Amino acid sequence: GDSFTNGNVIFSSTSNSSVIIRYVEKVIFESCILSAHVVNKNGTMCDIELPITITDESVLMTSTSNPEVIAICYAQGWCKNPDVMYKVEAQIVSSIGNVFQNSKIKTFNELAEFTNITELSNQAFFMCSELSEIALPLSEGSLQSIGSFALGYTKIANIEIPNTVVKIDAHAFDGTPIEEFKVQTGGGQYISKNGVLITAEGQLLKYPEGKTNSTYTTDEEIVSLGAGCIKNTLLRELTISDKVVAHGDSFLSSNKLLHTVNLGANIAPTNLAQHILENKVLVDINVSENHPSLSSQDGVLYDINKTILWKYPEGRSELTILPTVIKIGAYAMAQLSQFKSDLVMPDNIEYIDDHGLYACQSITGIIFNETSKLRTLGPYALQLLDAAKIVTFPATLRSIYPFALSNCSYLGNITFYGVNAPQFLDSYNQPSVADNIFGSGEYATGKKADTRTIYVPATSTSYESESWESLYSDSRY
């Protein structure tokens with residue numbers, strides 16, 4: 001400013017332990033190093049050189065303060081100088097798109113000055129694996145939405161959500177170890193309670209993946225669980241209160257330490273098993289005694305009458321099912337991760353619903369004894385048993401639905417104990433063919449097996465008879 005016009009900069013009150021600086025002349029700034037000729041109060045002169053910080057309220061960032069971010073901004077034409085970006089330049093940027101995606105930026109607190117952007121688009125900062133700090137614009141009328149994976153798979157630990165935001169995608173923060181969500185005061189569509197992000201309507205949007213608490217009971221504001229809301233957390237025990245009545249897709253998934261889940265009295269049972277998945281050490285699922293349609297015993301979830309297995313904990317390595325159970329529900333035993341041998345199914349099971357034992361990728365075989373009462377295999381019931389080499393079916397088996405045995409790559413030994421072949425049915429209960437049961441092409445069962453054989457009783461009248469025609473004509477076996 002004016003102080004440079006006469007070649008002097010006055011430091012009227014600057015002092016250290018021995019001198020007071022009167023004025024400085026011949027000032028030169030190079031790379032934040034101050035070189036100057038100094039005159040002390042007693043007239044003594046000296047030359048100095050020292051590192052300094054230059055503050056200019058109009059400057060947002062420099063190539064020294066944030067080189068990775070300013071390089072991208074300059075490449076996008078958002079600033080005229082590759083070494084300096086001014087606040088006014090940031091404030092006219094209307095969209096940042098995906099230009100930062102998968103970049104090596106480390107911090108971006110300067111984003112707070114990008115007050116003209118209204119959204120963080122899908123994957124805006126996705127896979128910025130070194131990004132540890134970011135500040136969202138908090139100005140009125142600014143940011144309104146945060147898209148899918150917008151801040152996914154970063155290193156951000158803390159974030160404040162502007163009260164202007166009206167929409168946050170369920171997967172906006174997936175893979176990011178946030179320890180605490182904060183929400184700007186002043187109303188809005190979201191609140192934070194104990195660091196957990198909740199919508200104003202009471203839906204748990206996101207439990208922080210980096211929060212170190214080992215237990216959590218859903219807060220009193222929460223009445224529903226959003227899609228993927230408790231995913232990849234450090235929780236060991238979760239209690240869902242009686243106030244929670246609804247849940248979204250995969251609401252409880254991929255929690256590597258979770259061993260106990262306690263369900264409240266009012267949670268909806270529909271598709272519940274399907275959306276508790278990939279919790280590989282989960283051994284106990286309990287439900288309130290006051291639930292009208294579900295029950296639990298010894299940490300296993302059943303219907304109220306204990307005739308349907310509703311959900312078997314994925315982390316168990318032994319199979320213990322009540323003798324009253326006649327049906328394996330949809331997804332009830334899907335993705336069991338700790339079984340490493342053949343699974344012998346209880347004789348009392350008559351029905352396996354769709355995806356009942358889906359994707360149990362370490363089970364080496366499924367054995368139904370000759371005394372089994374099994375009658376029906378639902379769609380995809382035994383799909384994706386990657387390690388299974390043998391399956392046996394009892395004579396009572398009457399119906400097999402589409403893709404019940406598809407994508408079992410190493411399944412080369414299939415035994416039917418019944419003289420009459422079961423019916424292969426389509427989704428409309430109409431007769432179908434083996435290809436629709438075993439899959440074809442890349443989904444074909446047995447494609448990696450050394451040998452492929454289907455065994456039937458010697459007492460069958462003819463393997464080419466109508467009963468067995470579809471299996472007999474399958475060239476893979």
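Heavy-atom basis, side chains included; hydrogens, waters and symmetry copies ignored. For clarity, every value in this text was computed on a predicted model and none was experimentally measured.
For Asp347 and Lys373, the salt-bridge test fails: no basic side-chain N is under 4.0 Å from an acidic carboxylate O. Between Glu130 and Lys106 a salt bridge is recorded (basic side-chain N to carboxylate O distance below 4.0 Å). Asp284 has a carboxylate O that lies under 4.0 Å from a charged side-chain N of Arg316, or vice versa, which qualifies the two as a salt bridge.
Closest approach of Ser296 to Val287, counting heavy atoms only: OG-N, 3.2 Å. When every heavy atom of Gly195 is checked against every heavy atom of Pro208, the shortest pair comes out as O-CG, 3.0 Å. In terms of heavy atoms, Asn407 sits closest to Glu442 at OD1-O, 3.4 Å.
Judged purely by atom type and a 3.5 angstrom limit, Ser317 has no side-chain atom pairing as donor or acceptor with the backbone of Phe339. Proximity of a side-chain donor or acceptor of Thr218 to a complementary backbone N or O of Ile222 within less than 3.5 Å is not detected. Side-chain N or O atoms of Glu314 include one that pairs as donor or acceptor with a backbone N or O of Asn279 at under 3.5 Å. A donor-acceptor pair under 3.5 Å links the side-chain atoms of Lys340 to the main chain of Ser337, judged by distance alone. Proximity of a side-chain donor or acceptor of Asp426 to a complementary backbone N or O of Tyr428 within less than 3.5 Å is detected. In terms of modelled atom types and a separation under 3.5 Å, the side chain of His291 and the main chain of Ile267 share a donor-acceptor contact. Not one N or O on the side chain of Gln274 forms a donor-acceptor pair closer than 3.5 Å with the backbone of Asn271. Asn122 contributes no side-chain N or O that, together with a main-chain N or O of Gly147, makes up a donor-acceptor pair within less than 3.5 Å. Looking only at distances, a side-chain donor or acceptor of Trp310 sits under 3.5 Å from a matching main-chain atom of Pro269.
In this structure, Asn98 and Ser121 have side chains that are in contact, with non-hydrogen atoms separated by less than 4.5 Å. You'll find the side chain of Ile285 stays beyond 4.5 Å of the side chain of Tyr312, heavy atoms only. Contact check for Thr107 versus Ile134: no side-chain heavy atoms found under the 4.5 Å cut-off. The closest side-chain heavy-atom distance from Ile146 to Glu119 is not below 4.5 Å. Contact check for Leu282 versus His259: no side-chain heavy atoms found under the 4.5 Å cut-off. Inter-residue side-chain proximity for Thr176 and Phe125 is flagged as unmet; no heavy-atom pair is nearer than 4.5 Å. Between Ile191 and Ile198 there is a side-chain heavy-atom pair separated by less than 4.5 Å.
No hydrogens or angles considered: a donor-acceptor pair under 3.5 Å links the side chains of Asn109 and Glu133. Using modelled atom types and a 3.5 Å distance limit, the side chains of Ser254 and Glu278 yield a donor-acceptor pair. Asp83 and Ser63 form a side-chain donor-acceptor contact under 3.5 Å, judged by distance and modelled atom types alone. Side-chain contact of Asp342 with Thr364: a donor-acceptor pair under 3.5 Å is present, judged by distance alone. Residues Asn262 and Asn286 bring a donor and an acceptor atom of their side chains to less than 3.5 Å of each other. Between the side chains of Asn232 and Glu209, at least one donor N or O lies within less than 3.5 Å of an accepting N or O. Using a 3.5 Å distance cut-off with no hydrogens or angles, the side chains of Tyr216 and Asp219 do pair a donor with an acceptor. In the model, Ser406 has a side-chain atom that pairs as donor or acceptor with a side-chain atom of Gln383 under 3.5 Å.
Between His355 and Tyr358, the two ring planes are perpendicular [angle over 60°; tilted spans 30° to 60°].
For Phe108 and Phe100, the distance between ring centers is under 6.0 angstrom.
Around the CG atom of Asn429, the shell of radius 6.0 Å holds more than 12 heavy atoms that belong to other residues, nucleotides or ligands.
Checking each of Tyr401, Tyr331, Phe403 against Tyr380 for a ring pair (Phe, Tyr, Trp, His ring centres under 6.0 Å) leaves exactly one that passes, namely Phe403.
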Which donor-acceptor pairs under 3.5 Å do the side chains of residues 160-169 make with protein atoms, sequence neighbours left out?
| from | atom 1 | to | atom 2 | distance (Å) |
| --- | --- | --- | --- | --- |
| Asn163 | ND2 | Thr185 | O | 2.7 |
| Thr164 | OG1 | Leu143 | O | 2.4 |
| Asp169 | OD2 | His171 | N | 2.8 |

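Remark: Lys231 engages Asp174 in a salt bridge (charged side-chain N to carboxylate O under 4.0 Å, His left out) (not counting sequence neighbours). With sequence neighbours excluded, the residues forming a side chain to side chain contact (heavy atoms under 4.5 Å, CB included) with Glu220 are Lys193, Lys243, listed by chain and number.
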